[in-house]
Chemist: 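Here you go, one structure.
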Amino acid sequence: QVQLVESGGGLVQAGGSLRLSCAASGRTFRSYHMGWFRQAPGKEREFVAAIDWSGGSTAYADSVKGRFTISRNNARNTVYLQMNSLKPEDTAVYYCAADSSPRTIVHRAPVAYDYWGQGTQVTVSS
């Protein structure tokens, strides 16, 4: 069992930056691929970014590529999402998720992830 706790959300003006953190419990964190997803009101949960267990492979949604950076520190059981040049359309609840299956590549589909955090609100004002 893995517990995930997100932090770092808040209110920021367009063009600003935020860094989200996701702290994971358990010694198996370093073997899991990790992902960030977001869900805006009235919309489905969507993929934002993912990183493999080693940190050597990443994937991004086209809408955030070049602005967001996912990283992880396995010694601290933490995954990060650095968000720069934020836009009002980035407003959503952001969730981190863990994929505990022995996949060789990261996945973008929410169904591939079996542990989820409670989410942190990010609001970008225009």
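Predicted, not measured: the structure shown is a model, and the values here were computed from it.
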Chemist: Grab the two heavy atoms, one from Ser101 and one from Asp99, that are nearest each other, plus how far apart they are.
Modeler: OG-OD1, 2.7 Å
Chemist: Would you give the length of the straight line joining atom CZ of Phe29 to atom CZ of Arg76, rounded to the nearest 0.5 angstrom?
Modeler: 12.5 Å
Chemist: Between atom CE of Met83 and atom CG of Leu81, what is the distance when rounded to the nearest 0.5 Å?
Modeler: 5.5 Å
Chemist: Begin with the C-alpha distance, continue with both residues' side-chain angles, and end with the deciding distance and a verdict on side-chain contact (heavy atoms from CB on, under 4.5 Å) for Val2 and Thr28.
Modeler: CA-CA 8 Å; Val2 175; Thr28 52; 4.1 Å; yes
Chemist: Using a 4.5 Å cut-off on heavy atoms from C-beta on, say whether the side chain of Gln39 contacts that of Glu46.
Modeler: no
Chemist: Should Val79 and Trp53 be counted in the same cluster of Ile, Leu, Val, Met, Phe, Trp and Tyr side chains packed under 4.5 Å apart?
Modeler: no
Chemist: If I take atom NE2 from residue His33 and atom CD1 from residue Ile51, how far apart are they, to the nearest 0.5 angstrom?
Modeler: 10.5 Å
Chemist: Less than 4.5 Å apart, side chain to side chain, heavy atoms only: is that true for Thr120 and Leu20?
Modeler: yes
Chemist: Name all pairs fulfilling the ring pair (Phe, Tyr, Trp, His ring centres under 6.0 Å) condition that reach into residues 55-92, sequence neighbours left out, sorted by first residue then second.
Modeler: none
Chemist: Run Thr91 and Glu89 through side-chain hydrogen bond (donor to acceptor under 3.5 Å, both in side chains) and show every step you take.
Modeler: CA-CA 5 Å; Thr91 295; Glu89 50 264 43; over 6 Å; no
Chemist: Do you know the tightest heavy-atom contact between Ala14 and Ser126?
Modeler: CB-CA, 4.4 Å
Chemist: Surrounding CD of Gln3 (heavy atoms of other residues, nucleotides or ligands, distance under 6.0 Å), is the total greater than 12?
Modeler: no
Chemist: Would you say Arg45 and Val93 make side-chain contact, with heavy atoms under 4.5 Å?
Modeler: no
Chemist: Using the ring of Tyr95 (Phe, Tyr or Trp, six-membered ring only), decide whether Arg38 places NZ or CZ under 6.0 Å from its centre and within 45 degrees of its axis.
Modeler: no
Chemist: Can you name the closest pair of heavy atoms from Asp114 and Ala98 and give their distance?
Modeler: OD1-O, 2.8 Å
Chemist: Please report the closest heavy-atom contact between Arg108 and Ala59, naming both atoms and the distance.
Modeler: NH2-CB, 3.8 Å
Chemist: What distance separates Arg67 CZ from Ser85 OG, expressed to the nearest 0.5 Å?
Modeler: 7.0 Å
Chemist: Count I, L, V, M, F, W, Y as connected when their side-chain heavy atoms are under 4.5 Å apart, and connections chain through other members. Are Tyr32 and Val106 then in the same cluster?
Modeler: no
Chemist: Walk me through it: do Asn84 and Ser17 pass the test side-chain hydrogen bond (donor to acceptor under 3.5 Å, both in side chains)?
Modeler: CA-CA 4 Å; Asn84 299 328; Ser17 298; 2.9 Å; yes
Chemist: Using a 3.5 Å distance criterion without hydrogens, assess whether the side chain of Asn74 forms a donor-acceptor pair with backbone atoms of Asn77.
Modeler: no
Chemist: Can you measure from SG (Cys22) to CZ (Arg72) and round to the nearest 0.5 angstrom?
Modeler: 10.0 Å
Chemist: Go through Tyr94 and Gln121 one step at a time and tell me if the side-chain contact (heavy atoms from CB on, under 4.5 Å) criterion holds.
Modeler: CA-CA 6 Å; Tyr94 283 71; Gln121 176 71 46; over 6 Å; no
Chemist: Would a single hydrophobic cluster contain both Leu18 and Val48, if residues Ile, Leu, Val, Met, Phe, Trp and Tyr are joined by side-chain heavy-atom contacts under 4.5 Å?
Modeler: yes
Chemist: Which residue pairs pass the ring pair (Phe, Tyr, Trp, His ring centres under 6.0 Å) test when at least one of the two sits in residues 96-125, sequence neighbours left out?
Modeler: Phe37-Tyr113, Phe37-Trp116
Chemist: Do Leu4 and Met34 come close enough that some side-chain heavy atom pair is under 4.5 Å?
Modeler: yes
Chemist: Within this structure, what is the CZ-OG1 distance for the pair Arg19 and Thr69, rounded to the nearest 0.5 Å?
Modeler: 11.5 Å
Chemist: Between Lys65 and Asp62, does any NZ, NE, NH1 or NH2 come within less than 4.0 Å of an OD or OE carboxylate oxygen?
Modeler: yes
Chemist: State plainly whether one hydrophobic cluster holds both Ile70 and Phe47, where clusters connect Ile, Leu, Val, Met, Phe, Trp and Tyr through side-chain heavy atoms under 4.5 angstrom apart.
Modeler: no
